[in-house]
K.L.:
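If you scroll down you'll find the structure; I have some questions about it.
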There are 2 protein chains.
Amino acid sequence: MDFEAFFHEYKEKKNAYQMALSTMYYDQATIAPKNGIPYRNRMTAILSGEAFDQMADKESIQRIEELARQENVSAERKKELQLLLRELNELRVLPREVYVEYRRTIADSEAAWHEAKEQDDYQLFKPHLISVIEKQKEILSYVTDKKSDYDFMLDSYQINTDIAYYDRFFDAIRKKLLPFLQKLLKEGTPIDDSLLFTAFDIKEQEAFMQELMDYMKVNDRECYMTTTEHPFTDFFSAHEARITTHYHEHNVMSAIFSTIHEYGHAQYGLQVKEAYEGTSLFSGIGTAMHESQSRFMENHIGRNRAFWEVNYPKLQQHFPKQLQDVSLDDFMRMINVSRPSFIRTEADELTYPIHILIRYELEKEIFNGTADYDNLDTMWNDKYEEYLGIRPEHDRDGILQDMHWGGALLGYFPTYALGSAFAAQFYHQMEQDMDVEEALRSGAFEKISGWLKENIHQYGAFKDADELMMDVCGESFDPKYYIEYLKNKYAQLYQISAD
Amino acid sequence: MDFEAFFHEYKEKKNAYQMALSTMYYDQATIAPKNGIPYRNRMTAILSGEAFDQMADKESIQRIEELARQENVSAERKKELQLLLRELNELRVLPREVYVEYRRTIADSEAAWHEAKEQDDYQLFKPHLISVIEKQKEILSYVTDKKSDYDFMLDSYQINTDIAYYDRFFDAIRKKLLPFLQKLLKEGTPIDDSLLFTAFDIKEQEAFMQELMDYMKVNDRECYMTTTEHPFTDFFSAHEARITTHYHEHNVMSAIFSTIHEYGHAQYGLQVKEAYEGTSLFSGIGTAMHESQSRFMENHIGRNRAFWEVNYPKLQQHFPKQLQDVSLDDFMRMINVSRPSFIRTEADELTYPIHILIRYELEKEIFNGTADYDNLDTMWNDKYEEYLGIRPEHDRDGILQDMHWGGALLGYFPTYALGSAFAAQFYHQMEQDMDVEEALRSGAFEKISGWLKENIHQYGAFKDADELMMDVCGESFDPKYYIEYLKNKYAQLYQISAD
């Protein structure tokens, strides 16, 4: 078989397994009835093994490696092969049993995390967390060309990042942003947003959301939306993404911002060049870059005054009792309140990176071997007290709030803050390129989507984050845009100086 | 590897592929966004090919055949191997490409059927129908030990049935039931049920349904319910089934009866002996036997007066405006109206088998080669006119109403009528064994479920229909129970003689 035919077949099969596993995962995250889950987990583990056999087939990998070494291939193909080999990096050195056992451990641990969170008891989750981390380290022990385990994990979520890279970034957060936050908490003029936490009928919230989706020109033939406990986005092809949200009667903005956030992810997937569908150029974008797009949409667009000039009157129509006497300016202040809180996903823009800083520091301890699993919940709470001045009383509001560690997603959290910082730098550039506010005000959302597609989305994973940033913004990534954006915004809101 | 280890692994893998394919199918039938479907269909076809490789592996089949020939195996194991080989019957003789192409043809044809139904145009569907039937015949040409294609298809849905078997059954319907129906239409005292087709708020319907599920003691940890255009049931394991329903504002009983019907299916799956999970004894039950359980639940339980003695007052509470002045007796008459209609799934008990008779006659023509595809819609309409005295004006109310043929489910329809007839015979026996009405009246639904589990469900596919019928009822299947039940019931309702 010639290479093209072989490679096409290889990718199609890989994608077919991927589609099956993603669909099963999605099904379980949304609707699968509880008693069926143990059997499903067993079947999913078996299918992972089958997928492993297909992907890690030695002869196939050899052929891919051979081509990757050749000179006379297009830049896109070269990049595709590179990313594919990177993706197979661990698989090609792992024994099958180890991989299957790893997937099974994760499935059990995710179920245990759910249970422990429901019971609000970290100790129930602890043995599973330890197993997952041990399994992850075992997996990594097969990979020889790496700096350290954690360096490897960080790079696996966002290419060309490592501990040194994140240390620089989080140093800036710790030294330049944290003092500003602490000043704001002490000196800022308080904003009363308690109105947003009174009762807002969920059916009305849903009706408003539909209008919001229309405003953003979301196409329901390619983007499906439903509700889950924890909102997320899933990609299935260049023509299909799915987002979930969660309505809270006593927190009207929660569903709105999480929907806008998830749509930011979805749109990235839906605007990648169609020719990349089914290749590693479609899927290997990196979680920081992905998060940059969701945070961009959530914060720079979804918290934009011009966005609400159009949408706030609609929200008022749905909730006249609560909002008819609240001016747009007051509303804008309310939805931008900064307040230390326990839950990352509900955090405001300013405290958000501190939530991530805490997780980053703990992950470093986990990989250093200095984490004390018996008291990891206490370590967590101590850090919240130190940085944010609040101490979770419940594990479900502390270490059990996120599913990431239970799913072996170690090194993932830091990409959330990094993505937020990318977003700020992109937005700074977008404002130079076009009149963003005018587009939002006139309901020309396609101009926003168009700029993102043109500059970022279409490339998928073809350009690395550095290259993309350089091409779009004319300079490398610099956290100063993020920090200055936050300081200026919150200094104005809270009437303090930005220094 | 010893046989047990080999066989365990073989089945687990087979089940894992099955789980993946079923989940993808379910996803597509419920929520997958439209634009993603072509890519999904391609991936599903590839995965079917992978499943084929695993299932049809020559060496594996040889080992299974060897064991099936041995004497010293338990009856259960023997039956399991028999059913498995039966299931593999076509696969083991088919070239892989033919199988994959077959699956792809079906996927395309199902999509085309949806489109054609929406456009109300049989001609759009016709070329796909022809392709599907040609592909089906091509598949069957690989099977050598069969009487005729249609005999083989009928047997594949319900073991030990064939054209001769169904001819006998449908002769009884045509000769003994059809004249009675025609007499009823001429001489019966009309029943006015128009009230049931006035507006009934869908939210209230949903709330009532929840009470009905509670009454039937449905466990939502193992039975998930959602809505789709066409209600169906899917089984994933001994601990997981899913049913769908469809609410119509102007047909309040539709969702109620289809939910009860689908729950009849679901309960069968959930009450099979747990040890059969993952074996062919779990899945190879036969569609007529399965339908007997859904029709049993829908008609013999869900249209039982004692059932409504408890549930009708609840329905009245949800719809006081419509129902407060309607007595239970009047309600019972309304929900049992017999009236020739176009749509099989909405048909009453008495006309239902006539809908099936029409399809059976057309399927025979399809396999005889006497079907004229250009005018199959007309042939359909002619038969409705002949038997039921009504003529569909729209293809969507005629030949396009059911998805079965588009999905290559030829030979499936007859099992619906046969299942209804099985149900009547089972119910006749159940009434001898226990006080059904007392159980329904006292809310002891577990007694109903218990009798079904004890006598029927637990055995899964271990007993053939004949054996089961003999064990439960002490005699072979006899359509007289069905025909007499219908005649007596409707003679009383319509005040005519049952002769």
Side-chain angles (χ1 to χ4, degrees), chain A residues 8-9 11-28 30-51 53-54 203 218-226 234-243 266 269-270 274 277-278, chain B residues 8-9 11-28 30-51 53-54 203 218-226 234-243 266 269-270 274 277-278:
Chain A
H8 176 75
E9 192 183 312
K11 284 191 290 188
E12 288 277 282
K13 282 194 186 176
K14 177 172 173 292
N15 292 333
Y17 281 110
Q18 197 46 57
M19 176 61 95
L21 289 165
S22 306
T23 304
M24 287 163 84
Y25 184 85
Y26 180 84
D27 180 270
Q28 198 155 317
T30 49
I31 55 172
K34 291 240 179 322
N35 290 2
I37 287 179
Y39 184 83
R40 284 191 166 271
N41 280 347
R42 206 169 88 218
M43 295 301 111
T44 305
I46 293 167
L47 203 73
S48 302
E50 295 290 286
D53 289 341
Q54 190 272 329
K203 293 276 161 237
V218 178
N219 177 356
D220 67 4
R221 288 180 70 96
E222 54 183 32
C223 187
Y224 173 77
M225 185 166 142
T226 187
D234 230 340
F235 307 93
F236 291 93
S237 70
H239 302 282
E240 181 187 346
R242 303 187 185 182
I243 61 180
L270 294 169
E274 198 177 338
E277 181 176 73
Chain B
H8 177 75
E9 192 183 311
K11 284 190 289 185
E12 288 277 282
K13 282 194 186 176
K14 176 172 174 291
N15 293 332
Y17 282 110
Q18 197 44 57
M19 174 63 93
L21 290 165
S22 307
T23 304
M24 288 163 83
Y25 184 85
Y26 180 85
D27 181 271
Q28 200 155 316
T30 49
I31 56 173
K34 291 240 180 324
N35 290 1
I37 287 178
Y39 184 83
R40 283 191 167 270
N41 280 347
R42 207 169 87 220
M43 295 301 111
T44 305
I46 293 167
L47 203 74
S48 302
E50 297 290 286
D53 289 341
Q54 190 272 330
K203 294 275 162 239
V218 178
N219 177 356
D220 67 3
R221 290 179 68 97
E222 53 184 33
C223 186
Y224 173 77
M225 185 166 144
T226 187
D234 230 340
F235 306 92
F236 291 93
S237 69
H239 302 282
E240 181 186 346
R242 304 186 185 184
I243 60 181
L270 294 169
E274 199 177 339
E277 181 177 72

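Values below: all heavy atoms of this structure, side chains included; hydrogens, waters and symmetry mates excluded. Naming: A, B, ... by sequence-line order, numbering from 1 per chain.
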K.L.:
Which atoms of N15(A) are under 4.5 Å from chain B, going by heavy atoms: the side chain, the backbone, both sets, or neither?
P.N.:
both
K.L.:
Distance from L47(B) atom CG to M19(A) atom CE, nearest 0.5 Å?
P.N.:
10.5 Å
K.L.:
Take atom OH of Y25(A) as the centre, draw a 6.0 Å sphere, and report whether it contains more than 12 heavy atoms from other residues, nucleotides or ligands.
P.N.:
no
K.L.:
Closest heavy-atom contact between A20(B) and A20(A)?
P.N.:
CB-CB, 3.9 Å
K.L.:
If you tally heavy-atom pairs under 4.5 Å against chain B, which of E12(A), R40(A), E222(A), E277(A) wins?
P.N.:
R40(A)
K.L.:
As an exercise, state the distance from CE of M43(B) to OG of S22(A), rounded to the nearest 0.5 Å.
P.N.:
11.5 Å
K.L.:
Which pair of non-hydrogen atoms, one from G278(A) and one from Y39(B), has the smallest distance, and what is that distance?
P.N.:
CA-OH, 3.9 Å
K.L.:
Less than 4.5 Å to any heavy atom of chain B: does that hold for the side chain of Q18(A), its backbone, both, or neither?
P.N.:
neither
K.L.:
Out of curiosity, M24(B) CE to L21(A) CG, how far, rounded to the nearest 0.5 Å?
P.N.:
9.5 Å
K.L.:
What part of A238(A) is in contact with chain B, defined as an atom under 4.5 angstrom from a non-hydrogen atom: side chain, backbone, both or neither?
P.N.:
neither
K.L.:
Chain B heavy atoms under 4.5 Å from K203(A): which part of the residue, side chain, backbone, both or neither?
P.N.:
side chain
K.L.:
In terms of heavy-atom proximity below 4.5 Å to chain B, should Y26(A) be classed as side chain, backbone, both, or neither?
P.N.:
side chain
K.L.:
By a 4.5 Å heavy-atom criterion (distance strictly below it), what part of R242(A) contacts chain B: side chain, backbone, both, or neither?
P.N.:
side chain
K.L.:
Measure across A241(A) and P33(B) and return the closest heavy-atom pair with its distance rounded to 0.1 Å.
P.N.:
O-CG, 4.3 Å
K.L.:
Among I46(B), D27(B), I31(B), single out the residue with the greatest number of heavy-atom pairs under 4.5 Å to chain A.
P.N.:
I31(B)
K.L.:
For A32(B), is it the side chain, the backbone, both or neither that has a heavy atom under 4.5 Å from a heavy atom of chain A?
P.N.:
both
K.L.:
With a sphere of 6.0 Å drawn around NZ of K34(A), does it hold more than 12 non-hydrogen atoms of other residues, nucleotides or ligands?
P.N.:
no
K.L.:
Less than 4.5 Å apart, any side-chain heavy atom of Y17(B) and any of E50(A)?
P.N.:
yes
K.L.:
Which one of R221(B), H239(B), E240(B) satisfies the side-chain hydrogen bond (donor to acceptor under 3.5 Å, both in side chains) criterion with N35(A)?
P.N.:
R221(B)
